[in-house]
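Quick note: numbers below take in every heavy atom, side chains included, and nothing from hydrogens, waters or symmetry partners.
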Amino acid sequence: MKSTLKKMMGIALSLLLGVSTVLAAVGCKGPSLPGNYTEEVDTNRTQLYVYNYDGGFGSEWLSKVKQRYEELHANDVYEPGTGKRGIQIMMNNTKNGVTSETIKSGQDEVYFIENMYYYSLRYDGALMDITDAVSGENPYEPAKTIESKLTAEQQNFYGIKGAREDGKTQYLGVPHYFGTYGLVYNKDLFDEKGYYFLDGYDENSNLEDKFVYYDTDKKTAGPNGQYGDDDDGLPTTYQEFYWLLEYISRMNSQTALSWTGQYYTQYLGFLLNSLVADYEGLDQMMLNFTFDGTATDLGSITGGSFAEDANDLQITEENGWELKRQSGVYYALDFIENLVDTEMYHNSNAFTDSYSHLDNQQDFLMSGVDGVTTPIAMTVDGMWWQSESSQVFSSMASRYGDQYSMENRNLRWMPLPKANKEKAAEATEKIANGRNGYTVTDSLYSLCCVSSGIEDWKLPIAIDFIQFCNTDESLIEFTTTTNTVKALTYEIDETVLEQLSPYGRSLIEYIQNADIVYPYSQAELYINNSSMFRADEYYRATVNGATKNYPAQAFHVDGISAEDYFTGLATYYKSSWNTLA
């Protein structure tokens with residue numbers, strides 16, 4: 001039944017990524033639950049039912065895997081004596097959510113999901129043991145196992161030691177895709193309007209004198225500190241970002257930055273978390289999940305201003321709430337408050353309940369194209385936004401020409417600015433010395449797993465399919481299809497990069513220069529309270545005796561300051577920490 005695929009071509013550039021989350025299931029399968037299957041059952045073949053959360057990353061990647069897998073196994077017999085030959089991957093592409101119970105009792109057998117908690121699903125009995133798929137030899141790639149593509153952190157989290165009778169580390173799931181939130185900009189508009197900082201500009205000069213004017217003007221070295229590449233002239237600090245927003249809005253009467261009004265609390269919450277991670281770096285950010293190490297930059301509000309503590313603090317599960325006083329948290333809160341409270345910095349629909357993320361994506365792509373709507377320079381979104389907007393790209397290309405297709409639009413991922421010059425200098429020094437200058441964090445808790453309700457004879461098929469989905473060939477195919485990355489370690493060469501859109505290339509170049517925070521650990525406190533540590537739920541505060549769940553909402557609706565919210569974080573988490581199991 002199993003065949004080996006052709007050997008992958010040699011590759012050069014390394015991509016190290018990771019993610020977290022998983023599913024669970026138990027018992028026999030019940031009747032088919034409502035789904036969105038893409039085809040009718042072929043009674044001449046054996047079926048494997050696959051659930052795919054059809055969100056930002058879409059389903060095209062799975063369709064390609066399905067086609068290759070079915071062609072490879074077209075003559076295999078899975079049910080002797082029935083006359084059936086070949087396999088049919090029944091794709092259930094849907095946004096319908098799943099629970100432990102639906103995983104256990106539904107029709108689907110293999111799951112690609114997000115925003116689920118691995119250990120919760122495990123304890124609910126929803127997940128099947130797929131250790132053979134993860135640590136066993138991959139027939140399609142004998143030199144590698146899926147386990148070899150996991151980081152040590154991922155192995156420690158997903159691998160459950162001592163859970164199998166044979167002594168092997170047990171795996172009930174593996175990471176799926178990776179996702180972070182940040183900034184996207186329209187490079188064509190930046191080029192046209194000169195939205196780049198002039199090299200050697202005077203900080204005390206007029207606003208317009210800080211930016212290039214002539215094509216021959218030299219741009220600053222940008223966030224990476226190196227001249228001659230695509231990030232030249234982009235903002236390196238929060239202050240430069242504010243100047244850029246003002247320049248776009250006040251001097252050019254264009255929309256500087258947009259985001260969804262319907263989900264602004266979540267999107268700005270995720271952006272805040274991205275800013276915190278980029279400030280703190282991998283080791284300090286991971287303390288928020290491991291509770292094991294020394295916090296080096298805690299602080300408090302003194303006299304209305306933020307000041308760092310004189311001494312470091314050893315963090316344990318008992319005092320983990322202290323991490324709400326990290327410097328990066330304060331500076332990120334201050335950044336979000338400025339975006340929210342300064343009207344010229346953001347779009348007019350930034351707080352409109354009916355203005356969805358899809359509306360925002362369409363407006364960002366369509367802005368200025370017809371010569372009537374106001375151009376939008378930048379937007380806040382998840383890194384998968386381009387794939388999510390595929391229909392808008394297609395429609396625009398049909399209407400306005402191929403220059404508006406996904407492959408040709410000159411849109412880019414923007415490196416996050418640093419809180420101050422010192423942090424910017426640290427990043428450029430790291431990059432100059434061949435180290436990563438940025439830190440990004442996963443926000444999706446994505447997972448690939450098998451339902452515990454799968455029939456015994458079908459489990460080997462599910463294991464084989466998961467191994468096929470995680471070969472280098474399939475991982476690279478996912479990247480070229482979605483212009484994003486999977487949450488495993490694999491390599492990408494120049495021939496692959498050439499197949500990506502300008503946006504996809506810029507995203508991967510950014511990630512290649514970044515450390516990745518996988519927001520999970522084996523700490524008992526984390527495992528027992530996983531949902532508490534979600535990126536958009538991890539910044540609750542008690543201010544004036546009331547609990548505030550979302551910083552952006554507190555700034556916009558309640559008029560709370562970043563200083564008061566920062567103090568309220570420690571108040572909230574200190575009081576609730578002892579209640580955690």
Side-chain angles (χ1 to χ4, degrees), residues 8-9 11-19 54-65 176-191 222-224 229-231 234 274 357-358 360-362 364-365 378-397 402-416 436 438 440 442-444 446 472-514 516:
M8 298 282 301
M9 62 170 56
I11 2 191
L13 299 178
S14 159
L15 252 193
L16 182 60
L17 304 168
V19 159
D54 195 14
F57 295 88
S59 58
E60 184 181 358
W61 69 271
L62 183 57
S63 296
K64 291 180 177 180
V65 171
H176 179 26
Y177 44 57
F178 163 78
T180 193
Y181 285 76
L183 302 168
V184 181
Y185 71 103
N186 184 335
K187 190 176 188 303
D188 281 335
L189 184 62
F190 270 56
D191 290 345
N224 68 8
D229 50 33
D230 284 342
D231 83 338
L234 294 179
S274 293
H357 61 299
L358 300 179
N360 179 60
Q361 290 168 2
Q362 178 169 296
F364 176 63
L365 291 173
M378 296 174 285
T379 192
V380 176
D381 216 319
M383 71 184 212
W384 56 87
W385 78 275
Q386 182 184 256
S387 181
E388 195 169 41
S389 301
S390 58
Q391 291 185 349
V392 180
F393 279 104
S394 297
S395 176
M396 292 185 68
D402 286 343
Q403 67 270 31
Y404 291 102
S405 69
M406 182 184 298
E407 295 76 18
N408 295 326
R409 286 296 293 273
N410 204 358
L411 308 168
R412 306 293 178 96
W413 184 263
M414 177 179 283
L416 289 176
N436 292 330
Y438 315 116
V440 300
D442 174 61
S443 300
L444 296 184
S446 174
D472 283 352
E473 180 176 3
S474 294
L475 297 176
I476 290 172
E477 183 179 68
F478 179 91
T479 291
T480 57
T481 302
T482 66
N483 281 271
T484 63
V485 286
K486 272 275 201 167
L488 288 86
T489 302
Y490 58 106
E491 297 177 338
I492 295 179
D493 68 10
E494 289 293 341
T495 63
V496 176
L497 291 173
E498 290 172 358
Q499 299 176 52
L500 305 181
S501 68
Y503 167 76
R505 287 195 296 272
S506 70
L507 173 67
I508 288 177
E509 288 169 359
Y510 178 73
I511 292 174
Q512 286 174 325
N513 287 294
I516 312 298

**Request:** Evaluate the side-chain contact (heavy atoms from CB on, under 4.5 Å) criterion for residues W413 and V184: first the C-alpha distance (whole Å), next the side-chain angles of each, then the deciding distance (0.1 Å), finally the verdict.
**Result:** CA-CA 5 Å; W413 184 263; V184 181; 4.0 Å; yes

Are the side chains of [X] and [Y] in touch, meaning some heavy atoms are under 4.5 Å apart?
{"X": "Y185", "Y": "Y503", "answer": "no"}
{"X": "V392", "Y": "Q361", "answer": "no"}
{"X": "F178", "Y": "M383", "answer": "yes"}
{"X": "Q386", "Y": "S501", "answer": "yes"}

Keeping the roles fixed (side chain from [X], backbone from [Y]), state whether a donor-acceptor pair exists under 3.5 Å.
{"X": "T480", "Y": "E477", "answer": "yes"}
{"X": "T479", "Y": "T484", "answer": "yes"}
{"X": "S405", "Y": "D402", "answer": "yes"}
{"X": "R409", "Y": "L365", "answer": "yes"}
{"X": "N360", "Y": "T379", "answer": "no"}
{"X": "Y490", "Y": "E473", "answer": "no"}

**Prompt:** Excluding sequence neighbours, so at least two apart, what forms ring pair (Phe, Tyr, Trp, His ring centres under 6.0 Å) with Y438?
**Reply:**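 Counting only residues at least two positions away or on another chain, Y438 forms a ring pair (Phe, Tyr, Trp, His ring centres under 6.0 Å) with Y510.
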
**Message:** Just to verify, what does Y404 make a ring pair (Phe, Tyr, Trp, His ring centres under 6.0 Å) with, not counting sequence neighbours?
**Reply:**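 Scan of Y404 (ring pair (Phe, Tyr, Trp, His ring centres under 6.0 Å), adjacent residues dropped) gives Y400.
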
**Asked** Can you name the residues that form a salt bridge (charged side-chain N to carboxylate O under 4.0 Å, His left out) with E509, not counting sequence neighbours?
**Response**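 If we apply the salt bridge (charged side-chain N to carboxylate O under 4.0 Å, His left out) test to E509, skipping adjacent residues, there are no hits.
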
**Contacts of type salt bridge (charged side-chain N to carboxylate O under 4.0 Å, His left out), residue D188, not counting sequence neighbours** =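 Counting only residues at least two positions away or on another chain, D188 forms no salt bridge (charged side-chain N to carboxylate O under 4.0 Å, His left out).
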
**Request:** Only one of V440, L183, T180 passes side chain to side chain contact (heavy atoms under 4.5 Å, CB included) with S274; say which it is.
**Result:**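 Exactly one candidate clears the test, T180.
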
**Message:** Evaluate W385 against F364 for side-chain contact (heavy atoms from CB on, under 4.5 Å), listing each step before the verdict.
**Reply:** CA-CA 11 Å; W385 78 275; F364 176 63; 4.1 Å; yes

Tell me which donor-acceptor pairs under 3.5 Å the side chains of residues 54-61 have, and how far apart each pair is, sequence neighbours excluded?
residue: D54; atom: OD1; partner: S59; partner atom: N; Å: 3.4
residue: W61; atom: NE1; partner: G58; partner atom: O; Å: 3.2

**Any pair counted as salt bridge (Lys or Arg N to Asp or Glu O under 4.0 Å), so long as it reaches residues 382-396, sequence neighbours left out** =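 Applying salt bridge (Lys or Arg N to Asp or Glu O under 4.0 Å) to every pair that reaches into residues 382-396, excluding sequence neighbours, yields nothing.
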
**Message:** Is there a side chain to side chain donor-acceptor pair (under 3.5 Å) between N513 and N224? Walk through the geometry before answering.
**Reply:** CA-CA 9 Å; N513 287 294; N224 68 8; over 6 Å; no

